[in-house]
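Encoded as structure tokens, the structure appears first; notes follow it.
Bear in mind that the values here come from a model prediction, so they are computed numbers and not experimental data.
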Amino acid sequence: MLVTIIAVIISLAIAIPAAAVIATKRYKAQEDAKIGNAEEKARSIIDEALTTAESKKREALLEAKEENIKARADLDKEIKDRRNEAARNERRLQQKEEALDRKSDGLERKEASLASREESLRKKQDEVAKLGEQRTQELERISGLTSEQAKEYLLKLVEDDVRHDSAKMIKEAEAEAKEEADKKAKELVVSAIQRCAADHVAEATISVVQLPNDEMKGRIIGREGRNIRTLETMTGVNLIIDDTPEAVVISGFDPIRREVARIALEKLIVDGRIHPARIEEMVEKAKKEVENVIKEEGEAATLEVGVHGLHPELVRLLGKMRFRTSYGQNALKHSIEVAQLAGLLAGELGLDVRMAKRAGLLHDIGKAVDHEMEGSHVQLGAELCRKYKESPIVINAVESHHGDVEPTSLIACLVQAADTISAARPGARRETLETYTTRLKQLEEITNSFKGVSNSYAIQAGREVRVMVVPEKISDTDMVLLAHDISKKIEDEMEYPGQIKVNVIRESRVTDYAK
């Protein structure tokens with residue numbers, strides 16, 4: 001039993017290592033088989049990857065070759081198109097050159113033809129000139145007149161015909177223009193006059209100061225006349241102290257000085273202390289007061305018209321016009337009226353109302369300084385407007401409102417019309433008797449200076465002149481031209497407010513007796 005156990009143990013001892021060796025070899029064989037399989041699989045994966053890479057490489061090469069071929073085809077096509085375009089351009093240029101060559105050849109042929117025609121024409125002109133000379137000589141021989149005499153005769157005939165035709169045309173044109181324009185013009189003017197209401201002040205060359213009693217006259221005169229001399233010297237006016245009860249008359253052509261003297265004298269009368277030193281003090285105060293009044297009047301005028309942005313000096317000059325008159329019409333009131341009328345007319349015609357009012361207000365601004373500076377109020381006004389940067393439209397309106405220069409805008413024409421309306425209004429202006437008679441005499445002298453006028457008469461206070469003509473010397477058609485020429489000469493040589501009507505009268509009388 002023991003032997004058996006030992007035998008088993010020995011057999012187990014021998015069998016277990018043998019089994020271990022066998023198991024190890026088997027495991028090793030399995031592992032080797034696994035490794036071989038893995039290596040084989042790895043080689044297959046590598047081979048497959050190489051194959052895939054090679055195929056992708058071939059595909060990329062193919063795509064690159066296709067792109068290259070396509071780009072080359074596009075380039076070849078573009079080169080071909082450009083060559084075709086260049087060929088077409090070359091053909092067009094060649095065709096143009098050929099056309100130019102043909103035109104040049106045609107021009108050369110035409111020039112040669114023209115030269116030959118000119119030569120032929122010159123020869124014909126020479127022949128015509130010779131024939132004309134022969135015809136003239138023959139006509140002179142037949143008519144018994146020289147060419148100069150015949151020319152004068154023909155010119156006279158043509159001149160008569162032209163005068164007759166021009167007179168008819170002028171008459172027809174005037175009638176047509178009047179028919180078309182009178183109605184509209186009257187409507188505009190009447191509407192503007194009706195809508196404009198301005199105050200008018202009659203100015204004179206004297207001012208009257210009322211005194212509390214006649215004893216004040218002696219105090220104003222002073223001892224040996226020193227007070228009155230001081231006042232006259234300081235103000236530049238004349239004081240007239242006569243038998244008029246309780247009144248002193250201040251006389252002077254400068255309204256501003258006269259106003260200063262009036263205010264100073266009134267202050268002295270109220271104060272009661274009248275001596276040279278006090279007179280000087282009151283005159284200075286009166287000057288400052290008048291200067292303030294001038295400034296206020298100018299500002300009030302701009303506000304009344306609605307014109308803003310004027311230079312302060314222009315506003316002050318407008319205020320000075322409050323003390324200026326023209327034929328008795330206050331210059332500032334006249335300017336305000338012209339501004340209102342010009343604005344109304346501009347509104348009716350659809351023009352710039354503000355610009356028209358501005359031009360109308362400043363059209364007589366030169367009258368504020370024309371008694372202090374050399375030149376007409378038109379020139380001085382234009383210079384003032386330029387100096388204070390007024391617009392060219394306003395400057396032209398100032399220059400042209402009496403026709404000294406041509407108006408360049410409709411606003412300038414409206415200012416002319418408004419100025420005439422304001423001046424021609426009945427009662428707006430008055431003239432001295434000497435000026436009135438001189439104007440009537442000059443008017444008749446101008447009309448009598450024309451050939452064919454027998455008599456002329458200025459009527460209606462110089463607003464109309466009636467011209468009697470010799471019927472044998474002036475025909476009906478000549479009357480139109482004569483009236484036009486007389487009107488033009490009156491406009492050029494005379495100054496007058498409003499307008500003058502020229503009425504030419506031609507009368508023929510035939511008398512016979514029945515026996």
Side-chain angles (χ1 to χ4, degrees), residues 198 200-205 252-259 294 297-298 301-302 305 307 310-311 313-342 356-409 411-425 428-432 435 438-439 491-499:
H200 300 276
V201 180
E203 297 291 338
T205 58
F253 285 105
D254 190 331
I256 296 178
R257 291 181 180 179
R258 203 169 64 244
E259 183 69 10
I294 288 172
E297 288 288 342
T302 59
V305 178
V307 174
L310 286 178
H311 192 278
E313 183 61 21
L314 289 178
V315 176
R316 192 183 74 83
L317 292 174
L318 281 173
K320 288 183 68 176
M321 291 170 63
R322 163 66 178 78
F323 301 99
R324 289 278 287 115
T325 59
S326 176
Y327 295 100
Q329 186 179 25
N330 183 271
L332 181 57
K333 296 295 183 182
H334 167 66
S335 296
I336 293 173
E337 188 176 76
V338 170
Q340 298 285 14
L341 288 169
K357 286 185 175 182
R358 195 182 192 96
L361 186 63
L362 296 176
H363 81 285
D364 269 348
I365 193 69
K367 288 184 178 180
V369 295
D370 61 352
H371 58 290
E372 302 170 0
M373 303 169 62
E374 293 293 331
S376 67
H377 76 278
V378 174
Q379 296 171 343
L380 295 174
E383 291 174 2
L384 287 171
C385 290
R386 289 192 186 95
K387 180 179 179 181
Y388 297 113
K389 311 299 182 185
E390 286 296 323
S391 67
I393 294 176
V394 174
I395 294 171
N396 176 253
V398 173
E399 288 179 322
S400 64
H401 77 276
H402 281 318
D404 295 343
V405 299
E406 289 295 325
T408 59
S409 66
I411 288 178
C413 297
L414 293 184
V415 171
Q416 280 185 344
D419 181 53
T420 304
I421 292 169
S422 176
R425 179 178 52 78
R429 294 187 172 185
R430 63 178 182 272
E431 297 178 280
T432 63
T435 305
T438 302
R439 181 158 61 88
E491 290 174 1
D492 294 338
E493 297 185 6
M494 290 185 61
E495 291 186 3
Y496 50 89
Q499 63 182 9

**Report entry** Heavy-atom pair with the smallest gap, counting every atom of A342 and V415
**Finding:** CB-CG2, 4.5 Å
Query - With sequence neighbours excluded, residues passing side-chain hydrogen bond (donor to acceptor under 3.5 Å, both in side chains) with E399 - result: R386
Query - Closest non-hydrogen atom pair, V338 against A418 - result: O-CB, 3.6 Å
Report task. Could you check if a side-chain atom of H334 sits within less than 4.5 angstrom of a side-chain atom of M321, using non-hydrogen atoms only? Result -> no
Query - Aromatic plane relationship, H401 with H363 - under 30° parallel, 30 to 60° tilted, over 60° perpendicular - result: perpendicular
Report task. State the SG-CD distance between C413 and E406, to the nearest 0.5 angstrom. Result -> 9.0 Å
Requested in this report: Using modelled atom types only, decide if a donor and an acceptor are shared between the side chain of Q416 and the backbone of S400 within a distance under 3.5 Å.
Outcome: yes
Query raised in the report: Is there side-chain contact between I294 and R322, with at least one heavy-atom pair below 4.5 Å?
Result: no
Report summary line: In this structure, CG of L361 is separated from CG of L314 (nearest 0.5 Å) by 9.5 Å
Query raised in the report: Going by distance alone, is a donor N or O of one side chain under 3.5 Å from an acceptor N or O of the other, for D364 and S335?
Result: no
Report task. Tell me, with the steps shown, if H402 and D419 meet side-chain contact (heavy atoms from CB on, under 4.5 Å). Result -> CA-CA 9 Å; H402 281 318; D419 181 53; 3.6 Å; yes
Query raised in the report: Which heavy atom of V398 sits nearest a heavy atom of C385, and at what distance?
Result: CG2-SG, 4.0 Å
Query raised in the report: Got a donor-acceptor contact below 3.5 angstrom from the K357 side chain to the V305 backbone?
Result: yes
Report task. Go through the steps for V369 and L317 under the test side-chain contact (heavy atoms from CB on, under 4.5 Å), then give the verdict. Result -> CA-CA 8 Å; V369 295; L317 292 174; 3.8 Å; yes
Query raised in the report: For residues 387-398, which residue pairs qualify under salt bridge (charged side-chain N to carboxylate O under 4.0 Å, His left out), counting only residues two or more places apart or in two chains?
Result: R358-E390
Query - Test item: N396 side-chain N/O and P407 main-chain N/O as donor-acceptor pair under 3.5 Å - result: no
Report task. Starting at CG of L332, measure out to NZ of K320 and round the result to the nearest 0.5 Å. Result -> 13.0 Å
Report task. Would you check if L318 and L310 make a side-chain contact, meaning some heavy-atom pair closer than 4.5 Å? Result -> yes
